[in-house]
Amino acid sequence: MTLQEYMNLPYNYIIKQIVDESGVYYYASVLELDGCQSTGDSFDEAYEGLREAMEGWIETKLENGFPVPLPLNTEKYSGKFVVRLPKSLHQRLAIEAEKEGISLNQYALYKLSS
């Protein structure tokens with residue numbers, strides 16, 4: 001497969017706004033390409049930088065004979081999974097969700113994504 005063919009595949013981009021001691025910026029990465037990342041002052045700048053980083057990342061792998069991971073098939077994931085937890089943790093999470101005025105599912109999603 002060529003560099004351009006890889007670049008046209010539906011990789012999963014993750015672009016997050018970061019607010020820390022250095023200010024506000026955007027961090028971008030490709031889920032399947034470990035270490036392929038970029039930052040920018042705006043969403044668009046982070047995205048463009050990520051596309052450039054992808055080209056370099058993939059090109060280096062191809063030139064050195066290393067495999068390039070293919071995009072993950074996200075359609076095989078339903079968005080549901082069952083988790084068993086101690087009753088005390090279930091109680092604490094339910095109380096915290098109620099305090100926030102949101103469902104336990106929304107609260108669990110918030111906790112998992114942070």
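When a residue number appears, it is its place in the shown sequence, counting from 1. All figures in this text were calculated on a predicted structure; none of them were measured in a lab.
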*Is atom CD of Gln91 surrounded by more than 12 heavy atoms (other residues, nucleotides or ligands) closer than 6.0 Å?*
no

_side chain to side chain contact (heavy atoms under 4.5 Å, CB included), that's the test. Do Leu9 and Met1 meet it? Break it down for me._
CA-CA 11 Å; Leu9 293 175; Met1 198 177 285; 3.9 Å; yes

Does one hydrophobic cluster hold both [X] and [Y], with members joined at side-chain heavy-atom distances below 4.5 Å?
| X | Y | answer |
| --- | --- | --- |
| Trp57 | Leu62 | yes |
| Tyr26 | Ile18 | no |
| Leu104 | Ile102 | yes |
| Leu89 | Val83 | yes |
| Tyr110 | Leu93 | yes |

Closest non-hydrogen atom pair between [X] and [Y], with its separation:
| X | Y | value |
| --- | --- | --- |
| Tyr47 | Tyr13 | CE1-CE1, 3.7 Å |
| Gly40 | Glu45 | CA-OE2, 3.4 Å |
| Ala46 | Ala28 | O-CB, 3.8 Å |
| Lys61 | Val68 | CB-CG2, 3.7 Å |
| Pro71 | Pro10 | CB-O, 3.4 Å |
| Asn12 | Leu72 | ND2-O, 3.8 Å |

What's the separation between atom [atom1] in [X] and atom [atom2] in [Y], rounded to the nearest 0.5 Å?
| X | Y | atom1 | atom2 | result |
| --- | --- | --- | --- | --- |
| Thr60 | Glu55 | OG1 | CD | 11.0 Å |
| Ile58 | Tyr11 | CD1 | OH | 5.0 Å |
| Tyr25 | Asp20 | OH | CG | 4.0 Å |
| Ile95 | Glu100 | CD1 | CD | 13.0 Å |
| Leu3 | Asn8 | CG | CG | 9.5 Å |

*Validation row: Val24, Gln17 side chains within 4.5 angstrom (heavy atoms)*: yes

Mind checking what makes side-chain hydrogen bond (donor to acceptor under 3.5 Å, both in side chains) contact with [X], not counting sequence neighbours?
| X | answer |
| --- | --- |
| Glu98 | none |
| Asp34 | none |
| Tyr107 | Glu96 |

